[in-house]
Amino acid sequence: MSLLDVSELTVSFGPDEAVRGIGFTIGPGEVLGLVGESGSGKSVTAQAMLGLLPARSRCTGSVRFRDRELLGLPERELARLRGDRISMIFQDPTSALTPVLRIGDQVAEAVRIHRPRLGARAAEQRAVELLELVGIPDAARRANAFPHEFSGGMRQRVLIAMAIANDPDLIIADEPTTALDVTVQAQVLEVLRTAREVTGAAILLITHDLGVVAGMADRVAVMREGQIAENASVTDLFDAPSSPYTAELLAAVPRVDDPLKIRGELPQAPDVLRVHGLTRHYPLTTGALWRRRTGTVHAVDGVDLTVRAGETLALVGESGCGKSSTLTDILELRAPMGGSIEVLGQDVSTLDSRRRRALRRDLQVVFQDPYGSLDPRMTVGEILAEPLRVHGFGRAHIGRRVPELLDLVGLRGDHAQRFPAEFSGGQRQRVAIARALACEPKLLLLDEPVSALDVSVRAGVLNLLRELQIRLGLSTVFVAHDLAVVRNIADRVAVMHLGRIVECGPVAEVFAHPAHPYTRALLSAVPIPDPVRERARTRIVLAGDPPSPATPPTGCRFRTRCFVFEVLDDEQRGACIRTDPDRRSPDGMIDHDVACHHAETGYLSGGSRR
Amino acid sequence: MRSRRARIGLTVLILVYLWTFLSPLVAAWDWSAKDLSAFLEPPGGSHWWGTTQTGEDVYAQSMRGLQRSLSTGLLAGPLATVIAAVVGSLAGYFGGWTDRILMWGTDLLLVVPAFVLVAIASPALNGGSFLWLVLVMAGLVWMITARVVRSMARELRERPFVQAARYTGMGPLSIIYRHVLPNTASILIIDATISMASVVLLESALSYFGFGVQSPDVSLGTLIRDGTRTLAYPWLFLPPSLLLIGAVLVVNYTGDGLRDALDPGSERARRVTGS
């Protein structure tokens, strides 16, 4: 007998049908992955099941939970079910918690609302137990903290604790790890697995990430435009997808275990970008009336980078590691707070405003957000003409160049008359790329150019970028948080952690023989969209949260999360605690350097841990 | 234009304003003429809305007053918006000391009561031209809009498309002109209409107290003042009062309509597109 039986479910908002007659079942204790791109109707489905949709929507069909029809159930009845038998975990752990109540009280409330006879003390105790279960260290004390004192990953753990508070039969998790970094995502998925073991609940896991599904789900339903394209067991789906859409999606996902497309040996070329010892600190102030400086955020703290002509360097790291700050400092073309930046052979601190402006022509940028990076009041043609006009090109040249640019990025010439609002995210990102290429720059900086795009669109934009690199011989810096994305587009990769670059080398080298423990952890945390490999591999799950850049640890900045540090003896640890390792090439590594005291000692290769 | 309300309001406003110019061609009496054979006549005959104590035609004077009030509003409202756009966008985009100095001036004008300023300036303006009055009016109502534009410009400054323009090498003034101002345009258009209404009211109030339009010229304010010296003759104060109320209502109605049409965040617009 199935636990949840959805059939012919249709949800419409006015004339638009968001969900069109879908059906699926979830058995007791089963994990169903509901996968789809944005706008496919997967979240709407979950909300419809729990009666959480706004009043102007209309639902028809049937949602049966333990042979009880949920659609059309009165609000009181639904409220009794929600959080008790069926619970939900939301995507954004920040807005899902009330900012003015203590964590412990919020969890206790989730317990008491369905167990009114349980005393306040008992509920509090249960809350602490639950927090311990989801891996909040020192739970009894942390229960008194407020949500803002918790990191995103910790908040998501709290939400999981609330979801399992009443031992539900079904947990609906709506993109539970999308807002989190990969290393934290790995932790949270681990907690979700524990939660499932403890409660024996079935899970409806809604996500766009096929890798997450491969590791978690028993069955997978793929949604597209409000319909289910395919519903199969996880092994069947990944082995032999029966719907062309699924096959397309699977092919589009960049994977960390893909074979590399080697571009061949790069000739020795001059450096187009040289960054040395770059530093950017922000003051941390408190006090409402008299501002006092109480500390320093070390956003960027001694970054060294070189990019050679014609090469792509990927800058990878978790959010808050300083990669965007680094990029901004380069783009400003002004003397940085500390260190030096040299663009195309010119030290930026010596530039006057005329030469700085001239240099801007050779240095262009593409931003992450395709919706924010184009002026909504201008047509695409005007947007593309702008950099040309700024650099003094004539009307005739602009008239020729705009269609040429559109063609270059795979858009049609008549798109020039349209406004950005008429384009999809992927098309807008193409326009942004065309704008960056308008003046034929020599160095292109890409700030997470595909992170905001759906999987299938992402592949198209990545292919375009790869093609342009080869055709135009561009030098690029590609900032990303996703290692799988940079794997096939970069020549070299630099891994950044807490304002420092901890490892840098050719892509093939770094991916095959990661020498820094952080790189290893990052690689291990990226889910692979292949259920067999994903479940078989040994995973390094880092403990705890990234340290705050306001109070970096002494010595090696990674040691508080380092799994190598954990197994070292006191003498070896001393080096990590006292001295900050410099980047150096370990024996036998060419053009590949690492900032770790123990890169050679064998703790890393072959997993020979003591 | 999507909003029916804005269309109706604008049409009525334009027609009424045109009429105040065309009316002398039709009416029997000129606003400055005195009919020495008819003092304090109630409405009727060739004096459609009656006459005053000195034999002036109330209809002709009301039309002249309405024309004066609307002209002030039509000129000073948009002028105030231009000042607000310039000050607000400069302060918001540049930040730092530019922002501090400009906002200091704005706040100073906000806290000093407009009436006191005009009362002090009034003797100097006495006999001054109509354009001076427009300038003073515009100078008194732009501050709040400037603050709104400033906060929008601060937000726009951080948007990727503005950053992209900056990193392309575009100068700050071109960025303000090409990116910041067009993206505040809907607020500015709405605001120009709303300040028009406040200018019409302010002008009437000032004229009522003798600081605005000076005799022999008339405005709705002076007419209401002269008409309410005694309440025994309602045809003296009712027409200008009703015209004033009507004018302000129509301008506000237009402004609301424009807001619905241009500002997707407003409640009505959301309901229209969301259904």
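Being a predicted model, the structure only gives us computed values, none of them experimental. Values below: every heavy atom of this structure, side chains too, minus hydrogens, waters and symmetry copies. Chain letters run A, B, ... following the sequence lines, proteins first and then strands; every chain starts at 1.
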| task | With a 4.5 angstrom heavy-atom cut-off, could you sort out which part of A:Q368 is near chain B: side chain, backbone, both or neither? | result | neither
| Do you know the tightest heavy-atom contact between A:V390 and B:T168? | CG1-O, 4.0 Å
| field | Toward chain B, the part of A:R435 with a non-hydrogen atom under 4.5 Å | value | side chain
| Do B:M170 and A:R389 touch side chain to side chain, with heavy atoms closer than 4.5 Å? | yes
| field | Closest heavy-atom pair and its distance - A:F367, B:Q163 | value | CZ-CB, 3.7 Å
| field | Shortest non-hydrogen separation from A:T328 to B:Y167 and the atoms involved | value | CG2-OH, 3.5 Å
| message | Other residues, nucleotides and ligands only: do more than 12 of their heavy atoms fall within 6.0 Å of CZ on A:R58? | response | no
| task | Please state whether the side chain, the backbone, both or neither of A:L374 comes within less than 4.5 Å of a heavy atom of chain B. | result | backbone
| task | Would you mind reporting whether B:R178 and A:R377 have side-chain heavy atoms less than 4.5 Å apart? | result | no
| Flag if over 12 foreign heavy atoms under 6.0 Å of CG, A:L472 | yes
| Just wondering, more than 12 heavy atoms not from B:R154 lying within 6.0 Å of its CZ? | no
| message | Please classify the contact of A:L363 with chain B as side chain, backbone, both or neither, using a heavy-atom distance under 4.5 Å. | response | backbone
| field | A:E386 side chain near B:S174 side chain, heavy-atom distance below 4.5 Å | value | no
| request: State whether the side chain of A:R357 and the backbone N or O of B:G169 hold a donor-acceptor pair below 3.5 Å, judged by distance alone. | output: yes
| Among A:A436, A:P387, A:A438, which residue forms the greatest number of heavy-atom pairs with chain B at distances under 4.5 Å? | A:P387
